Undergrad: 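Take a look at the following structure, please.
If you're wondering where the values come from, they're calculated on a predicted model, not measured in any experiment.
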Amino acid sequence: MKTRDLIKLLEKNGWTLKRHGGNHDIYEKDGVTEAIVRHKETDEDLAKTIIRRCGLK
């Protein structure tokens, strides 16, 4: 999955960029944080895990 598509999905569901880390961007919603790798592609298994953990649709 392209990382930018994952980020668009996060932002569409109300997650906001909290800060840029060294190799990750940190997104936040309701006090919960999620680290997203800063690569062109995100591993499919990792993307599925993030989507499930964040409750994205």
Side-chain angles (χ1 to χ4, degrees):
M1 173 178 231
K2 291 190 185 270
T3 302
R4 69 178 146 194
D5 293 337
L6 180 60
I7 290 171
K8 285 179 186 179
L9 186 60
L10 280 167
E11 291 175 343
K12 186 175 97 174
N13 283 277
W15 290 78
T16 58
L17 178 66
K18 183 176 180 182
R19 65 182 173 87
H20 293 285
N23 295 318
H24 294 77
D25 291 332
I26 310 300
Y27 283 82
E28 181 179 43
K29 178 180 180 183
D30 301 330
V32 178
T33 60
E34 186 65 50
I36 307 297
V37 295
R38 199 179 305 135
H39 302 291
K40 286 188 176 201
E41 291 284 328
T42 300
D43 181 64
E44 284 297 321
D45 292 331
L46 178 59
K48 287 178 185 177
T49 301
I50 291 170
I51 289 170
R52 192 176 320 116
R53 191 170 36 208
C54 294
L56 304 179
K57 297 177 183 173

Undergrad: State the CD-NZ distance between E34 and K18, to the nearest 0.5 angstrom.
TA: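 Here the interatomic distance stands at 12.5 Å.
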Undergrad: Are M1 and E44 side-chain neighbours, meaning at least one heavy-atom pair lies under 4.5 Å?
TA: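 Contact flag for M1/E44 side chains = yes.
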Undergrad: Please report the interatomic distance CD(E41) to CG(D5), rounded to the nearest 0.5 Å.
TA: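 E41 CD to D5 CG: 8.5 Å, rounded to 0.5 Å.
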Undergrad: Do the side chains of I26 and I7 join up, straight or via other hydrophobic residues, at under 4.5 Å, putting them in one cluster?
TA: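 Unlinked, I26 and I7 end up in two clusters.
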Undergrad: Rounded at 0.5 Å granularity, tell me how far CG in L17 sits from CD in E28.
TA: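 Those atoms lie 10.0 Å apart.
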Undergrad: How close do H20 and D25 get, counting heavy atoms only, and between which atoms?
TA: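 In this case the closest contact between H20 and D25 is ND1-OD1, 2.7 Å.
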Undergrad: Determine whether a donor-acceptor pair (N or O, by modelled atom type, separation under 3.5 Å) exists between the side chain of K29 and the backbone of C54.
TA: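 Pair absent, no side-chain N/O of K29 close to backbone of C54.
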Undergrad: Heavy atoms only: give me the nearest V32-W15 pair and the separation to one decimal.
TA: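 That would be O-CZ3, 3.4 Å.
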Undergrad: To the nearest 0.5 Å, how far apart are OG1 in T42 and NZ in K48?
TA: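 The OG1 atom of T42 sits 13.5 Å away from the NZ atom of K48.
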Undergrad: So L6 and I51, do their side chains get closer than 4.5 Å, heavy atoms only?
TA: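 In short, these two side chains touch, coming nearer than 4.5 Å.
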Undergrad: I'd like to know if the side chain of R38 reaches the main chain of T3, judged simply by a donor and an acceptor atom lying under 3.5 Å from each other, with no hydrogens or angles considered.
TA: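 Pair absent, no side-chain N/O of R38 close to backbone of T3.
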